[in-house]
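This report concerns only the one structure given below.
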Amino acid sequence: MSILVVAAHPDDEVLGCGASVAKWTEAGNEVHILILAEGATSRDAVRNPGNRIDELSALAKAAHSSGDILGVTSVRLLNFPDNRLDSVDLLDVIIAVEEQIKRINPETVCTHHSGDLNIDHRITHQAVVTACRPQPGQVVRRLLSFEVPSSTEWQPPDSGPVFQPNWFEDVSITLDRKLQALEIYTKEMRPWPHSRSFQAVDHLARWRGSSVGCEAAEAFILLREVC
Ligand SMILES: [Zn+2]
C-alpha cells in the first residue's frame with residue numbers, strides 16, 4: 001500500500017504521525033512525505049529566503065534524515081512561504097498536492113487537522129481535502145487528519161473545530177523511532193512543559209494509547225474511507 005503524508009512544515013510529519021509512519025513502513029508499505037512550506041522564513045518581518053539559506057538547508061537535511069529513521073520512500077520539500085500560506089492562491093497549493101497524488105497514487109493520505117491554530121496547517125488541510133475529493137477515478141481511499149502539539153491543542157474551542165479522534169494507531173513498538181526522528185529536529189523542539197517538548201510528545205502518545213487500551217498510540221480523525 002502507498003501512503004502520502006502532507007505536512008505544512010518540516011517536523012509536522014514526525015510530530016503528527018511519525019510513529020505510525022515507522023509502523024507502516026516496517027509492515028512493507030511505501031510512505032511518501034510532502035512538505036509544503038519552507039520553514040524558518042517567518043522569523044523575519046519581511047520574507048527573504050536568502051537570509052535563511054543555512055537554516056533552510058538544515059531543515060531540508062533534517063527532513064530527509066528523519067525520513068530515513070522512519071523508513072520512508074521519499075521526502076519532497078516545496079517552497080511555499082512559511083506561516084504565510086494565506087498569501088498564496090489556495091488553488092496553487094491544491095495543484096501541488098494533486099501533482100504528488102498523481103505521481104504516487106496513494107491509497108491513504110494523512111494531513112493536518114482543520115481546526116489547528118497555525119494558518120499553514122489549516123490551509124494544508126483545505127488543500128488536501130480538495131485534492132482528495134471523491135470524484136470518479138479518485139485513487140485515495142482513506143483520508144486521515146492528525147494532531148500537532150503546539151497547534152492543535154492551542155486553538156480555543158470557539159475558534160475552530162476541536163480535535164476529537166476516532167481512529168488510533170497502536171505505536172507501542174515504534175514510539176521510540178518517532179522520538180529518535182524528533183532528535184533530528186531538536187532545534188524545533190522546546191523544553192518541558194512546552195507541548196512541543198520530548199516529554200510532552202511521549203506523554204501525549206501514552207495518553208492516546210491509554211485511551212484505547214494500549215501502551216502508546218497516535219490519534220487521527222478519519223475524514224473519509226471508501227471501502
Ligand atoms: Zn507546522
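For ligands, and for the atoms within them, numbers begin at 1 and follow the listed sequence.
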Exercise for the section: For a side chain to side chain donor-acceptor pair (under 3.5 Å) with S74, tell me which candidate from H32, E30, R103 qualifies. Expected result: H32
Problem - Ring centre gap for H112 and F146 strictly below 6.0 Å - result: yes
Exercise for the section: Examine D120 and say whether one of its N/O/S atoms is closer to the Zn ion (ligand 1) than 2.8 Å. Expected result: no
Handout entry: Charged N-O contact under 4.0 Å between E98 and R133
Key = yes
Practice task
Round to 10° and report the angle made at the Zn ion (ligand 1) by OD2 of D12 and NE2 of H121.
Solution key: 90°
Problem - the Zn ion (ligand 1) reached by H9 (N, O or S, under 2.8 Å) - result: yes
Practice task
Could you tell me if the ring centre of H194 sits under 6.0 Å from that of W154?
Solution key: yes
